[in-house]
Amino acid sequence: MALSNREIAQIFEDVSDMLQIKGEIIHRVMAYRNVAEAIRDLPRDLHAIHADGQLNTIPFVGKVMEEKITELLTTGKLEFYEKLAAEIPPGILDMLRITGVGPKKAMQFWQEAGITSVDELEAAAREDKLSSLSGMGAKTQARILEGIESLRRRAANTRTPLGIALPAAQSILDRLLALPGVGKGSIAGSLRRGRPTIGDVDLVLTTNDPEPVMKFFASMDEVARVLGQGTTKSSVELHNGLQVDLVVVPPERWGTALVYFGGSQAHNIHIRELARQRGYTLNEHALTKLDGSGEILCDTEEKVYELLGMQWVPPEIREDWGEIELAQQHRIPTLITRDDIQSDLHMHTVWSDGKFTIREMAEAARARGHKYIVITDHSRGATIANGLTVERLMAQREEVRQVDAEMSPDFRVFHGTEMEIRADGTLDFPDEVLAQLDFVIASLHVGLRQPREQVTARLLNAIRNPHVDLIGHPRGQLIPDRDPADLDMDAVFAAASETGIALEINANPRRLDLEAQYARRAVELGIPIAIDTDAHRIDELDLLSYGILTARRGWVQPHNVINTWSVEQFLAWSRQRGP
DNA sequence: GCCGTTTTCGGCCCGACTGTTTTCAGTCG
């Protein structure tokens, strides 16, 4: 079976790690890591690119990398990788995933203590064998144990991030929908509900002739193995490890099937109780009368809910978090949609670590239907991201004003910043600088592992600065690699509520921060929400849909969201926020 | 190892934080 892009990317990633452990110069290490990243981001299959003779158009792919990719594509193997793998025990690479353990420590554990796996490392730490190694002490040993525990939590969680699963699922669904005889189709399950991570992909289709559909499904290129294949349900595992379940029903049973496989389990259990109270049993096939007088078929979800005496419930809020009671009263709130959005208030340009100019980002945002944007490059403290000094910030303002003048009045470009909340709690720009900006985001990027009191105090300090309009990705999580900061969210919400500052739903699927449950809490407290992409490239402006999904899961309505406001409303709000 | 270009080789985001080592190495972002 041909290797997938993801598998090939992983091989380059592993080569990079192994070279680094061996002490190879960092730039050669980075060359392999860059290629791995580039391959992961590819919108096309490597085999197709190779067939077109276009491998060398991929970023960071030169002569050597082209040869190695070709070797993998044609033979399924890479000799260079095999040689390294024979030299370095695989458990050494696993150790790199422990926070606080890098290539040097991993090598040291191996060479000086004979440790070749995370398990052995954990045992050694528990037996106090690490603290005596040169350059280490009790604190390092304790830190490593903590890191291992965190790693285990993450490893136990084998769920797939939304941002990976959704495009993969959509691609499969599109191909299934193109088959003859197929009517409707939808992503179902936790993916349809927009959960930040998902266990597996559920797809539901209608057709009266399932057999060719199931055959096609099981023989798709990305299928690694078929876990089961029947006439109504099939299940496969893809090369990237993702499990995909397909359910096929006749068109007249579409509504019940979609509700059933849409979940959540808690929601389904609750509405099945309601069905019982009304004299039915509810399953994926139909509502069946308990008195044995037959089935009622539902070809739409609306019909299912109607028969249960309820309003249709948007899938994103089917969690049994109170939506069923509201639906019975026909009082489900009108959730925000993509069409409500007027603007994107958080994006980066070549001035810091973005890839496109102010003008290019502005035009791309306009092409996506936005009416205004704010340019919010990093501040000076984010040195790694080429953060702006005060001088560069002032110079940037000239360019923003220029582009704004050229594009207004139908489209407006405003000048802002994504300012570092420094590790010591101070802000990266003084108030007199902030006062000159149209919009100020403050974000935590460093010191995310500080104790709760300390990291919370830093965030509160930013919230209480009247020049700050928005807290960017408040909790600082990275899905699935990094847990959120240990923030006292009650204190954060209280301060936000008091000051009128806005909190962000960062739409990047790696962040989705605030997550739904926090967004809902913010909305309940009357705290304004901003849904932003934090785009560093033009195509990332399209990540907005993930933010919308997350907001809907958080019961966010259009009026809660700054980005739905007109330019005039937005400006009025941000001006009255200043001191 | 790639890239850009001074077309042949130097530069490649580099400062903060931590812990331990008293002057810095390792890790992280």
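Below, chain A is the first sequence line, B the second, and so on; all start at residue 1. All of these numbers come straight from a predicted model, not from anything done at the bench.
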Practice item. Identify whether any heavy atom of Ala138(A) sits under 4.0 Å from a base atom; if not, whether one sits that close to sugar-phosphate; answer base, sugar-phosphate or nothing. Key: sugar-phosphate

Between Ser117(A) and Asp119(A): side-chain donor-acceptor atoms closer than 3.5 Å:
no

For dC28(B), the nucleotide meeting Watson-Crick or G-U wobble distances (both under 3.5 Å) is dG15(B)

Over 12 foreign heavy atoms within 6.0 Å of CD, Glu432(A):
yes

| request: Let me see the working for Glu420(A) and Arg380(A) under salt bridge (charged side-chain N to carboxylate O under 4.0 Å, His left out), right down to the final yes or no. | output: CA-CA 8 Å; Glu420(A) 285 298 298; Arg380(A) 53 191 172 186; over 6 Å; no

From the candidates dG1(B), dC17(B), dG15(B), the one with an atom nearest any side-chain atom of Thr383(A) is dG15(B)

Here the distance between atom P of dG29(B) and atom CZ of Arg33(A), to the nearest Å, is 13 Å

Need one value for Val446(A): base, sugar-phosphate or nothing, where a base atom within 4.0 Å counts as base even if backbone is also close, heavy atoms only. nothing

The side chain to side chain contact (heavy atoms under 4.5 Å, CB included) partner of Phe109(A) among Lys129(A), Met136(A), Glu120(A) is Met136(A)

I'd like to know if Arg401(A) pairs up with Asp438(A) as an ion pair, taking the criterion as any Lys NZ or Arg NE/NH1/NH2 lying under 4.0 Å from an Asp or Glu carboxylate oxygen.
yes

Between CD of Gln450(A) and P of dC28(B) the distance, given in whole Å, is 17 Å

>> At less than 4.0 Å, is any side-chain N or O atom of Thr140(A) found next to OP1 or OP2 of dT20(B)? Yes or no.
In response: yes

Just the atom pairs and distances: protein N or O near nucleotides 3-6 of chain B's N or O, under 3.5 Å.
residue, atom, partner, partner atom, Å
dC3(B), OP1, Phe60(A), N, 3.0

Heavy-atom closest pair (Ala106(A) atom, Leu96(A) atom, distance to 0.1 Å) is CB-CD2, 4.0 Å

**Prompt:** Do Arg126(A) and Glu122(A) meet the salt-bridge criterion of a basic N to acidic O distance under 4.0 Å?
**Reply:** yes

Task: C1' spacing across the pair dT23(B) / dC17(B), given as an integer number of angstrom - done: 16 Å

message: Taking only the P atom of each, what is the distance from dC14(B) to dT20(B) in whole angstrom?
response: 29 Å

### Residues Glu13(A) and Arg33(A) bridged, charged N to O under 4.0 Å
yes

Reading nucleotides 22-27 of chain B from 5' to 3' and marking B where a protein heavy atom lies under 4.0 Å of the base, S where only the sugar-phosphate is that close, and - otherwise, the string is ----SS

Checklist line | Centroid-centroid distance, Phe439(A) to Phe570(A), less than 6.0 Å | finding: yes

- Query: Could Glu515(A) and Arg553(A) be called an ion pair, given the rule that one side-chain N must be under 4.0 Å from one carboxylate O?
  - Reply: no

Students often get this wrong, so: under 4.0 angstrom with heavy atoms, is Ala385(A) touching a base, only sugar-phosphate, or nothing?
base

Nearest-nucleotide check on DNA chain B, Asn386(A) vs Gln141(A); residue mapping nearer the 5' end is Asn386(A)

Here the distance between atom P of dG1(B) and atom NZ of Lys22(A), to the nearest Å, is 12 Å

Looking only at dC17(B), dG1(B), dT20(B), the nucleotide nearest the Ala423(A) side chain is dC17(B)

*Rounding to the closest angstrom, what is the interatomic distance between dT5(B) and dG10(B) at atom C1'?*
11 Å

Separation of dC12(B) atom C1' from Glu37(A) atom CD, nearest Å, is 17 Å

Asp534(A) CG to dG29(B) P, in whole Å, measures 16 Å

Open item on the list: At 4.0 Å (heavy atoms only), tell me whether Ile25(A) reaches a base, stays on the sugar-phosphate, or touches nothing.
Closed with: base

Whole-Å distance, Asp424(A) CG to dA16(B) C1', equals 11 Å

Using a heavy-atom cut-off of 4.0 Å across all strands, would you classify Met136(A) as base, sugar-phosphate, or nothing? sugar-phosphate

Of Arg449(A) and Gly137(A), the one whose nearest nucleotide on DNA chain B sits closer to the 5' end is Gly137(A)

Open item on the list: Within the 3.5 Å criterion, strictly below it, is a donor on Thr456(A) or Asp488(A) matched to an acceptor on the partner's side chain?
Closed with: no

Whole-Å distance, Met30(A) CE to dG11(B) P, equals 18 Å

To the nearest angstrom, the CD1-P distance between Ile69(A) and dC2(B) comes to 10 Å

